[in-house]
Amino acid sequence: MLNCSRWAALLLLIIFLASFFVWGLVKVCNPDSYTEIQSETLPWEGEEVLPQLAVSRIGNVTVKIEHCTIHDGNVDSRICLDVKTEVCKLGNDQSQPKECLPPSLSVAGTFGEKVYRYVTLKVFAPKGSRGGPHMALSLWWEQRESPTYTGVLTQLYTWSEQSPMRSELFF
């Protein structure tokens, strides 16, 4: 009797594992039926102040920072004001001098709305200069990682005359 119940348990286990295997195989072969993908664009209203931002330059580069506003999607109404930076300390790495943007910079809306406000950083290197590690810009910013910790992140940008670079950052 004991021997018979062992065989029955083994048979049930094999049937269970086989059905589990077949079920998994069906899901792998038909991913559209078993995968849920959602995409949602949330409306953004109002105006937000940017996190603390700083730039550090490597080499003979010039940085031009502008705070621009466009009204009602009319590009001709664009008004850009030059942004002045101040020497500051941001993060633990003090080996590179940093220039902080004013804490009052804000962004608002998206293009086409009543008010669209954004910040641009344009970096210029002398004509004929070598890019790579000899010419670079580091962008530093504070980012709240959790309710109790705010870290400082950095991103290094390099370029050359042969391969210019353009990048958009969204906070």
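All values below were derived from every heavy atom in this structure, side-chain atoms included, with hydrogens, water molecules and symmetry-related copies excluded.
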ILVMFWY network linking F16 to V22, side-chain heavy atoms under 4.5 angstrom: no
Pairwise side-chain contact, L50 with V107, heavy-atom cut-off 4.5 Å (strictly under): yes
ILVMFWY cluster, V49 and V55 together (side-chain gap under 4.5 Å): no
Exercise: identify the closest heavy-atom pair between A136 and L156: CB-CD1, 3.7 Å
Distance in Å, R57 CZ paired with E99 CD, rounded so as to fall on 0.5 Å steps: 4.0 Å
Minimum heavy-atom distance between A54 and K98, given as atom pair plus value: CB-CB, 4.1 Å
Side chains of S106 and E47, donor plus acceptor under 3.5 Å: yes
Main-chain N/O of D76 paired with N74 side-chain donor or acceptor, under 3.5 Å: yes
Linked, directly or transitively: L53 and L137 (ILVMFWY side chains, under 4.5 Å): yes
Criterion side chain to side chain contact (heavy atoms under 4.5 Å, CB included) on Q155 and W140, from CA distance to verdict: CA-CA 7 Å; Q155 194 159 3; W140 302 72; over 6 Å; no
Gap separating the CG atom of L121 from the CG atom of L101, nearest 0.5 angstrom: 6.0 Å
Non-hydrogen side-chain atoms of V63 and F124 separated by less than 4.5 Å: no
R6 side chain vs A9 backbone, donor-acceptor pair below 3.5 Å: no
Any W141 side-chain heavy atom under 4.5 Å of V152 side chain: no
Pairwise side-chain contact, V83 with P102, heavy-atom cut-off 4.5 Å (strictly under): yes
Single-linkage hydrophobic cluster L12~L10, side-chain heavy atoms < 4.5 angstrom: no
Heavy-atom closest pair, residues I65 and T85: CD1-CG2, 3.6 Å
Separation between CD1 of I14 and CH2 of W7, rounded to the nearest 0.5 Å: 8.0 Å
Considering all heavy atoms, the nearest T69-R117 contact: OG1-NE, 3.1 Å
Point-to-point distance, once rounded to the nearest 0.5 Å, from OH of Y118 to NE2 of H67: 10.0 Å
E145 atom CD: more than 12 heavy-atom contacts under 6.0 Å: yes
E66/K64 ion pair, N-O < 4.0 Å: yes
Nearest heavy atoms of P97 and S56, plus distance in Å: O-CB, 3.2 Å
Distance in Å, T110 OG1 paired with I70 CD1, rounded so as to fall on 0.5 Å steps: 11.0 Å
ILVMFWY network linking L90 to Y157, side-chain heavy atoms under 4.5 angstrom: no
Parallel, tilted or perpendicular: ring planes of F20 versus W23, cut at 30 and 60 degrees: tilted
